[in-house]
Amino acid sequence: MAYKDSTERAAPRTQTKITGTVSCKTGTSNGVVKDLSNEGICFQLFFDIGAKTGQEVTIRSEELGFLTGMVRWYRGDRIGIKLKLSSNTAAQISSYYKFFR
C-alpha cells in the first residue's frame, strides 16, 4: 500500500474571519475563527488559555451562537476544535452560511 502524502478532510473547510470567544476550564480568550467546517473550527487565540488536546471548550460568537467541542490540536496561537455534533450545531453552521456568508 502506497503512503498517502496528504490528509483527507472529513468535511470541506471555509475560510472565515468570525470574531468570538473560546472558554475552557483553564481560561478564556477572544479571537478569530480562521476556518470552519460542519465538523470543526480552527480558532486563532488572542491570549494563551492553556488549552490541551482532549479538553472541552465552548465557542461564542454573534454569527455562530454558542457551540461546544473538544480540542483536537494546538499549535502556537491556534487551536483545532472538533465540534460536538448535534442538530443544533448543524443548524447554527447552516444559518451562518445562509445569512453571513
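Throughout, numbering of the chain's residues begins at 1 and tracks the sequence. Bear in mind the structure is a predicted one, so any value in this text is a computation, not a measurement.
Here the side chains of V32 and F43 are not in contact, with every heavy-atom distance at 4.5 Å or above. Using a 4.5 Å cut-off on side-chain heavy atoms (C-beta onward), L67 and I41 make contact. The side-chain heavy atoms of I18 and L64, taken from C-beta on, include a pair separated by under 4.5 Å. At least one side-chain heavy atom of I81 sits under 4.5 Å from a side-chain heavy atom of I59. L83 places a side-chain heavy atom less than 4.5 Å from the side chain of I93.
Judged purely by atom type and a 3.5 angstrom limit, T26 uses its side chain to pair as donor or acceptor with the backbone of I49. The main-chain N or O of F47 is found under 3.5 Å from a side-chain atom of S29 such that the two form a donor-acceptor pair.
What you find for S61 and G20 is that their closest heavy atoms are CB-CA, 3.9 Å. Among all heavy-atom pairs drawn from Q55 and C24, the shortest one is OE1-SG, 3.7 Å.
Note: N30 CG to L45 CG = 10.0 Å, rounded to the nearest 0.5 Å.
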Please assess V22 against I79 for the test side chain to side chain contact (heavy atoms under 4.5 Å, CB included), listing each intermediate value before the final yes or no.
-> CA-CA 10 Å; V22 168; I79 60 174; 4.1 Å; yes
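Pairs of residues two or more places apart, or lying in two chains, that qualify as salt bridge (Lys or Arg N to Asp or Glu O under 4.0 Å) and include a residue from residues 22-36 are R13-D35. Applying the side chain to side chain donor-acceptor pair (under 3.5 Å) test to pairs two or more places apart or on separate chains, those with a residue in residues 62-87 are Q44-D77, S86-T89.
Annotation: side-chain contact (heavy atoms from CB on, under 4.5 Å) contacts of S95 (sequence neighbours excluded): F99. Taking the side-chain hydrogen bond (donor to acceptor under 3.5 Å, both in side chains) definition, one finds that D48 meets it with nothing, sequence neighbours left out. The side-chain hydrogen bond (donor to acceptor under 3.5 Å, both in side chains) test applied to N38 returns no partner, not counting sequence neighbours. Applying the side-chain contact (heavy atoms from CB on, under 4.5 Å) rule to S94 yields no partners; only residues at least two apart in sequence or on another chain are considered.
The closest side-chain donor-acceptor pair between T16 and Y96, if any, does not fall under 3.5 angstrom.
Under a hydrophobic clustering in which Ile, Leu, Val, Met, Phe, Trp and Tyr are joined whenever their side-chain heavy atoms come within less than 4.5 Å, directly or via other members, Y97 and V33 fall into the same cluster.
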